[in-house]
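Single-structure report; data block below.
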Amino acid sequence: MSFPLLTVTAAVPAVGAVLTAAVPAARRTAAKWLALLFSLATLALAVLVAVRFEPGGDRYQLTESHAWIADFGVRYELGVDGIAVALIALTALLIPFVIGAGWNDADPLETNSSRWRPTQGFFALILMVEAMVIISFEATDVFLFYVFFEAMLIPMYFLIGGFGDRAHSGSEENAAAQRSYAAVKFLLYNLVGGLIMLAAVIGLYVVAGNFSLQEIATARAAGTLDMATNTERLLFLGFFFAFAVKAPLWPLHTWLPNAMGEATAPVAVLITAVVDKVGTFAMLRFCLGLFPDASKWATPVILVLALISIVYGALLAVGQRDIKRLVAYASISHFGFIVLGIFAMTSQGQSGATLYMVNHGISTAALMLVAGFLISRRGSRLIADYGGVQKVAPVLAGTFLIGGLATLSLPGLAPFVSEFLVLVGTFARYPAAGIIATVGIVLAALYTLVLYQRTMTGPVREEVRTLPDLRLREVLVVAPLIALLIGLGVYPKVLTDIVNPAVEHTMSDVKQTDPKPEVAVDAVTAKKGEAAK
């Protein structure tokens, strides 16, 4: 038996979560370092997965398969393609920065010992989310995926409701009520989506007789899978609804601004840069892989929803007064681009969507974590409470600017490549959709630059005059993310080489080929005539 690398990669943060939670209450610093150590060990394993993966090899590699609930055809099956490898690497990369940025977020408030916030629990929950997200990317058994797709909601619920942002304009009682509301809304939305998906998972078993993604795909290719058109469409809708909630896609997005606004900045990064990527990843792996005909049938409606998400999210971001809610609405717009690329049904669009998942994770992490550092200094999330920060904290302002420029997809930074590919891939098949999507780019420039102008430039407000610049720990958190944004913007080939073969398999699942460029036939004919003369 070969070494179960995928199982170990998911198990290490789970073990770290248990051990971190078991650290004595008085040893908060030890718990932090233990959590960081396990996150770095997971990162090393994710790098090993990427090194062991052969882009030109089998579709699913490093596979593991063991009987689990044999009577119902449930197996413990794992395997990764290029898309999963990229997202596992993203998850493992961001968690150490999330831990470093939230180093003091769960410490007790010295002024009131009754407000004890268990540091050990905070970091244990982060590691548990990491473990569940990683195994969700690895699972090739539909039932196994569903279990962890739903289970990750529990630690996220406690991270949002139990460890909320301390920078709140109201009383502590009002802040607690807002955190509770955001956590419950997050849980209910995703539970409803998960329950609908459960019905679809059961329906899939009734039709296919098992939950194995690879076996179902093989049966479909061989023509031995009898799935009526209406049945396939209903099952697709059940899966897609759950993934659209997680993504989040308009009009199922309303939980995200509440959750990101009330959570600490590191937990907000965990939500939008890590957990939400499971939804868009699952659209590629399960919606297109299991229900290719239904995916093509639903494409026109999904493209409309994606375009609404792009424009609507960007418009609401322009009008926000709260920094964190602005980033949340910007993320809704960006997820619209990802869904647009997936359902454009072109190789450029799907490659761009996958790169967008990775690059959005890095750029949002950079912007939100720097915003969190700023908010923790001033104690306010309101844009109007800032001004002239770049004169008193130039490093903070500079990193904030780079994160913002990445958000608006400035050429030379990583998100530009992914957004360009999404637009090219969309325009090739749906020109009108590609044109409408460009409105989101214009609005992104507006909300990003206005945010920077109002917070960082202009006269120095009295309340920010004494704000300290980034400390060493904070620089160590942000600097690698900035370096990645620049590096992947200049040389994205390191990702595209891994992702493109997996995209080709997905395009094969839905039996689509890229549209051929339109050629001016009359001009070509004229040139041939001139050559003949």
Side-chain angles (χ1 to χ4, degrees), residues 125 128-129 132-133 136 145-165 176-202 234-264 267-283 286-287 298 301-302 304-306 308-310 312-313 316-317 320 322 324-336 338-339 342 357 360-361 364 368:
L125 289 170
M128 190 56 68
V129 171
M132 293 178 178
V133 168
S136 296
F145 169 83
Y146 173 78
V147 169
F148 289 97
F149 180 80
E150 287 291 273
M152 70 179 69
L153 301 179
I154 304 305
M156 285 306 308
Y157 168 80
F158 287 110
L159 283 169
I160 296 169
F163 300 92
D165 193 353
Q178 292 295 326
R179 288 196 297 268
S180 178
Y181 173 78
V184 170
K185 189 174 184 178
F186 162 82
L187 187 63
L188 288 179
Y189 266 67
N190 285 275
L191 277 179
V192 169
L195 289 174
I196 293 175
M197 180 182 169
L198 177 60
V201 169
I202 295 171
L234 287 173
L235 295 179
F236 167 84
L237 290 175
F239 277 75
F240 180 80
F241 183 86
F243 303 151
V245 172
K246 184 84 77 178
L249 184 69
W250 184 91
L252 306 172
H253 66 285
T254 59
W255 62 268
L256 182 66
N258 297 101
M260 289 185 65
E262 299 304 323
T264 64
V267 173
V269 170
L270 194 63
I271 295 170
T272 190
V274 176
V275 172
D276 287 353
K277 298 302 187 298
V278 178
T280 46
F281 163 80
M283 290 180 189
F286 296 103
C287 287
V301 175
I302 295 173
V304 171
L305 297 179
I308 293 174
S309 290
I310 291 170
Y312 175 80
L316 289 185
Q320 289 303 304
D322 183 308
K324 292 169 69 177
R325 290 178 69 90
L326 185 152
V327 178
Y329 280 111
S331 292
I332 292 170
S333 181
H334 295 149
F335 274 102
I338 295 172
V339 176
I342 292 172
M357 293 185 224
H360 170 263
T364 299
M368 179 59 83

What is the distance from atom CD1 of Ile332 to atom CE of Met260, rounded to the nearest 0.5 Å? 9.0 Å
Pairwise side-chain contact, Leu270 with Met156, heavy-atom cut-off 4.5 Å (strictly under): yes
Measure the spacing between OG1 of Thr272 and CE of Met368 and express it to the nearest 0.5 Å. 7.5 Å
Could you pull out the closest heavy-atom pair between Ser136 and Phe149, with the gap in Å? OG-N, 3.9 Å
Relative to each other, are the rings of Tyr312 and His253 parallel, tilted or perpendicular (30° and 60° limits)? perpendicular
Can you list everything that forms a salt bridge (charged side-chain N to carboxylate O under 4.0 Å, His left out) with Lys324? Sequence neighbours excluded, please. Asp165
Got a sec, which residues hit side-chain hydrogen bond (donor to acceptor under 3.5 Å, both in side chains) with Lys246, two or more places apart in sequence or on another chain? none
Would Val129 and Leu159 satisfy side-chain contact (heavy atoms from CB on, under 4.5 Å), going step by step from the backbone distance to the final call? CA-CA 10 Å; Val129 171; Leu159 283 169; 4.2 Å; yes
Please state whether the rings of His360 and Phe335 are parallel, tilted or perpendicular, taking 30° and 60° as the class boundaries. perpendicular
Please report the closest heavy-atom contact between Phe236 and Ala298, naming both atoms and the distance. CE2-CB, 3.4 Å
Drop me the distance from Leu252's CG to Leu305's CG, to the nearest 0.5 angstrom. 8.5 Å
Got a list of side-chain donor-acceptor pairs under 3.5 Å for residues 181-200, not counting sequence neighbours?
residue: Lys185; atom: NZ; partner: Thr254; partner atom: O; Å: 3.4
residue: Lys185; atom: NZ; partner: Asn258; partner atom: OD1; Å: 3.2
residue: Tyr189; atom: OH; partner: Thr254; partner atom: OG1; Å: 2.7
residue: Asn190; atom: ND2; partner: Phe186; partner atom: O; Å: 2.8

Ser309 side-chain N/O to Trp250 backbone N/O, donor-acceptor pair under 3.5 Å: yes
Test item: Val278 and Phe148 side chains (from C-beta on) under 4.5 Å apart, heavy atoms: no
Can you see which heavy atom on Ala268 is nearest to which on Ala263, and at what distance? N-CB, 4.1 Å
Flag the pair Val201 / Phe239 as yes when at least one side-chain heavy-atom distance between them is below 4.5 Å, and no otherwise. yes
Does the side chain of Phe240 reach to within under 4.5 Å of the side chain of Leu249, using non-hydrogen atoms? yes
Only one of Leu256, Ile338, Val245 forms a side-chain contact (heavy atoms from CB on, under 4.5 Å) with Asp276, so which one is it? Leu256
Within this structure, what is the OH-CG distance for the pair Tyr329 and Asp322, rounded to the nearest 0.5 Å? 10.0 Å
How long is the span from the CG atom in Leu235 to the SG atom in Cys287, to the nearest 0.5 Å? 11.0 Å
What one should report as the nearest heavy-atom pair of Ala247 and Thr280 is CB-CG2, 4.1 Å
On a heavy-atom basis, the closest approach of Pro155 and Met128 is CG-CG, 4.5 Å
Heavy atoms of Ser333 and Gly313 approach each other most closely as CB-C, 4.1 Å
Reported CD-to-CZ distance for the pair Gln320 and Arg325, which is rounded to 0.5 angstrom: 5.5 Å
